[in-house]
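Note that these values count all heavy atoms, side chains included, but never hydrogens, waters or copies made by symmetry. Letters go in sequence order (proteins before strands), and every chain restarts at 1. Computed from a predicted structure; not experimentally measured.
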Amino acid sequence: MKFGVVVFPGSNCDQDCFYVVKDVLKQPVKYIWHKDTELDNFDCIILPGGFSYGDYLRTGAVARFSPVMDSIIDFANRGGIVIGICNGFQILLESGLLPGAMLRNTNLHFICKYVYIKTENIKTPFTNLCKKNQILKIPIAHNEGNYYIDDDGLKSLEKNGQIVFRYCSPDGDVNKESNPNSALANIAGIINREGNVLGMMPHPERSSEAELGSEDGFLILRSILKWLGSK
Amino acid sequence: MVKPEVYRSLGLSDEEYKRIIDLLKREPSTTELAMFSVEWSEHCGYPRSRILLKLLPKKGKYPTLIGEDSGGIIVDDLAIIFKMESHNHPSQIEPKQGAATGIGGIIRDIFTAGARPIASLNSLRFGPLTEPYNRYLLRGVVDGIQFYGNCLGVPTVAGEIYFDESYNGNCLVNVMSIGVAKKDELARAFARGVGNSIMYVGSSTGRDGIGGCSVLASHEFKEGEEKRPTVQIGDPFTEKCLIEATLEALATGHVVGIKDMGAAGLTCSTSEMASVGNSGMEVELQLVPRREADMEPWEIMMSESQERMLVCVKKGKEKEIEKIFSKWDLHAVVIGKVTDDDIVRIKDKGKVVAEIKAHSLTQAPVYDMPYKKPAYLDDLNKLDITKISEPKDYNGVLLKLLGSPTISSKVWVYEQYDHMVQTNTVTLPGSDASVLRLKGTNKAIAATTDCNSRYCYLNPYKGAQIAVAEAARNLVCSGAEPAAVTDCLNFGNPERPDRFWQFKNCVEGVASACKFLNISVVSGNVSFYNESIKGVVNPTPTIGMIGIVDDAHQVCTQYFKKEKEIIILLGISKEELGGSEYLKEVHGQVKGDTPDLDLWLEQAVQRTALDAIRKGLVSSAHDCSEGGLAVALAECCISNKENMVGAVIDSLTFDARKDAALFGESQSRIVLSCSKKSVHKIRDIAERFGAPFQIIGRTGGKELEILVGKRKIINLSVEGMFERWIDSLQSLIMA
């Protein structure tokens, strides 16, 4: 299975994603420069975290105009697996592949720490190895992770099972105290209606090896591999 | 004839001006004068410190590399390159941009050496947070570090923050960067090969930061001066692109040499690259990308605009280099060439505006500065301990210390820094040192910064030795062999003999401790003139130290892991209260002598702890520093919030007053915890190395209890201690 990691100017988790796929998941992986448009050889595209174009405008607002994004939209529309992590999630929102928008964290600070998320939908290419409501320990690192969508949008996400991850306490309570950035309905990750595009703020690539403090994020990568293998 | 007020305003003395005329055998042009002023400033040329800096050892237990702009050590086939630098004055004026550009500058020093930056650390000093301006400074500096460092994708993994009245009016912002390269792929900062091209890469040149290093960094603050325009503005996105483009360009093999344009911008990079390469250089300023119209030649030469580099490229390979930089949307323009004389020749529209022998610019005058022990010191060192009343409420004292801004948790700060990007951070911030694995090897490196400047104020020589010893102790507690040092020496006006005496003693202290511990000093920075109308800063020789963990799985952290383990104290608690946090916070006094340091004892304690950790015998290891043994034990209980473990300390023996034993800051002490079956093995190791060893209690419960004899003098819940320690800093900042 071939993975592609997109590199925008200012991406800074691209090498981490590349490493985890190649050396931990042990799958073939290539970088995709943001001006490249040829994606035919890939099975899964990763939009990594970072500060594309410095995030000097709204996060992801410039990156979505990169030439590669038209190809990624086509790839997704054809059913290809796309995962956007952190800044990658923000770019997916800006490009319209996922609904909603990101606001600044309510404390107006960058937040880097381990959090807990609850896996609400396990019938996805990204979570099929998780147990229903499994709690994952996984780090966040962002300025703008305060997810927002209007009432109708939220209802639609809920109804269609598009909310994959919610911030929760170590025991699984989805409450205000365990919501690091005040995201609407504790949303940490969502998929599109078709289920092949995931955006999430926490970083699975940072929690895929025991020596880094958690392997829970690796479940997400292994789920993708399993899904692709069974296709 | 140049008027004295002109060269004096550039920071040059009358003697220095005469020397310039002697060297040139004529009057300098405005551009030349500007170039000399920056190259001979303390910031670039080290005229007042150079004699003493020669004392610092350049050899240690690991092979040492000394580069032009940074240094490092060799570990197997890797070079670990690191350096610390100050950005004090810019941060005092404009904290966010001051700190941000400090990070930018130090990281450029690392990747111009061909190393990929893998971590940043910072060591910060402010006046008390009761002053609104100090709160503004702390918030601004933290904001600058997160703004710049997070965007770059270089994790900020460790650091320290101290508060002291001496930093009112002059905060300290010391930033350290660490990079890794294959040892045979390092780059040099020189220009060589007649006819090779000189390329300018990165951002365009503006009027920001003109005179930053000569005017700002090399003079003390006086009242009512407006210096904001001399602070540079940082653009981390451009720097991130510059990192990637530079490393790509270096990998082509077409780059002869490369240098960052930091302090003194084009002046520094042209003259130093020519000088190191024993070459000449000719540059046309009209080819320099500029962001403002009508810039004068001297302005272009002095500008400290950020995110720029000068590259010497093999003739004929310019297009390939240009292609790499333009892929990252960066300028890459040929602005000159290497010549066969030893002259730096700067032209503007073809007309020569400066023509100076490269060596005469880079060989700043050397001053042997007079020094004198400060008159106040003898009195200050006298402390009659019998006049210090012993506390009635030991619980109250411990809580007060845990809530003091210097000791309290820095979580509010480090959670704003991305400390995990690059997925190497094995030990996260919040322990004695952070540990980073080296991907592709079994090894890891540990890094820390340290300096208790109150000790250095009371006794500069011993205080500086302690800074080295404590940094090494922190690394040992995380499972690393202390390997090498970068130092950032922050002092007052060196032209004043009492300040220079502090500097001299601190340098000698750092040198002697490093020699004893067989650790080389690979790089560093001197920052003088850290004073204002509010006074002079405490002498602050900040030590950045790197240690090597041979097996990345044998790392250790400071917090207790589980119940019913044995707690051991290595070292001796003496009756020492001088310079302690306890004496200051509880008794309101800064007095006495610093604690003693016996380097043989220090070494015995460190070797014992490291050997025990490497043999897998130790569950936790934590050094005793500010706040003494009681604070160290409390931190062992509370610094892992997901698993806080209490302790009962019921067999502590000491030959001192109770408050000295618990809160005094005797050096060379480490608290270990281990399983029952490991105890005798650790005792054997301690005996072998000659380290004092005592079992002082056991872990367990939800409280920290400390008994002296049969009397319980401390009895606090871990929750209560945690709350005081975790929230204190944030509530002071938000006040």
Quiz item: Taking every heavy-atom pair that is under 4.5 Å apart, which of B:Glu642, B:Arg437, B:Lys240 has the most such pairs with chain A?
Solution: B:Arg437
Quiz item: With a 4.5 Å heavy-atom cut-off, do A:Tyr114 and B:Leu428 have their side chains touching?
Solution: yes
Quiz item: Does any heavy atom of chain B fall under 4.5 Å from the side chain of A:Tyr56, the backbone, both, or neither of them?
Solution: side chain
Quiz item: Under 4.5 Å between any side-chain heavy atoms of A:His109 and B:Trp412, yes or no?
Solution: yes
Practice problem: Sorted by first residue and then second, give each salt bridge (charged side-chain N to carboxylate O under 4.0 Å, His left out) pair with at least one member in residues 2-19 of chain A; sequence neighbours left out. | Solution: none
Practice problem: Side-chain contact test, heavy atoms from C-beta onward, threshold under 4.5 Å: evaluate it for A:Asp55 versus B:Cys151 and give yes or no. | Solution: no
Quiz item: Who among B:Met420, B:Gln146, B:Glu244 has the most heavy-atom pairs with chain A under 4.5 Å?
Solution: B:Met420
Quiz item: Which atoms of B:Lys439 come close to chain A, meaning under 4.5 Å heavy atom to heavy atom: side chain ones, backbone ones, both, or neither?
Solution: side chain
Practice problem: Step through the shown structure and confirm whether more than 12 heavy atoms of other residues, nucleotides or ligands are within 6.0 Å of CZ on B:Arg139. | Solution: yes
Practice problem: Report, by ascending residue number, the residues of residues 203-220 of chain A in heavy-atom contact with chain B at a distance under 4.5 Å; give 'none' if the set is empty. | Solution: A:Glu205, A:Arg206, A:Glu209, A:Glu211, A:Leu212
Quiz item: Below 4.5 Å, heavy atoms only, C-beta onward: do A:Cys112 and B:Tyr417 meet side chain to side chain?
Solution: no
Quiz item: Is the backbone N or O of B:Asn150 less than 3.5 Å from a side-chain atom of A:Asn12, with the two atoms forming a donor-acceptor pair by type?
Solution: yes
Quiz prompt | Proximal component of B:Thr425, with respect to chain A [non-hydrogen, under 4.5 Å] | solution = backbone
Quiz prompt | Contacting moiety of B:Asn424, where chain A heavy atoms sit under 4.5 Å | solution = backbone
Quiz item: Hey, is CG on B:Asn442 packed in by over 12 heavy atoms from elsewhere, all under 6.0 Å?
Solution: no
Self-check item: Heavy-atom check, side chain of A:Tyr53 versus side chain of B:Phe237, under 4.5 Å
Solution: yes
Quiz item: Of the backbone (N, CA, C, O) and the side chain (C-beta and beyond), which part of B:Cys241 lies under 4.5 Å from a heavy atom of chain A, both, or neither?
Solution: side chain
Quiz item: With a 4.5 angstrom heavy-atom cut-off, which part of B:Arg116 approaches chain A: side chain, backbone, both or neither?
Solution: side chain
Quiz item: Given the options B:Asp235, B:Leu152, B:Thr238, B:Asp329, which has more heavy-atom pairs under 4.5 Å with chain A than any of the others?
Solution: B:Asp235
Quiz prompt | Neighbourhood of chain B inside residues 17-39 of chain A, taking heavy atoms under 4.5 Å as contact | solution = A:Tyr19, A:Trp33, A:Lys35
Quiz item: So which residues of residues 61-73 of chain A are in contact with chain B at a heavy-atom cut-off of under 4.5 Å?
Solution: none
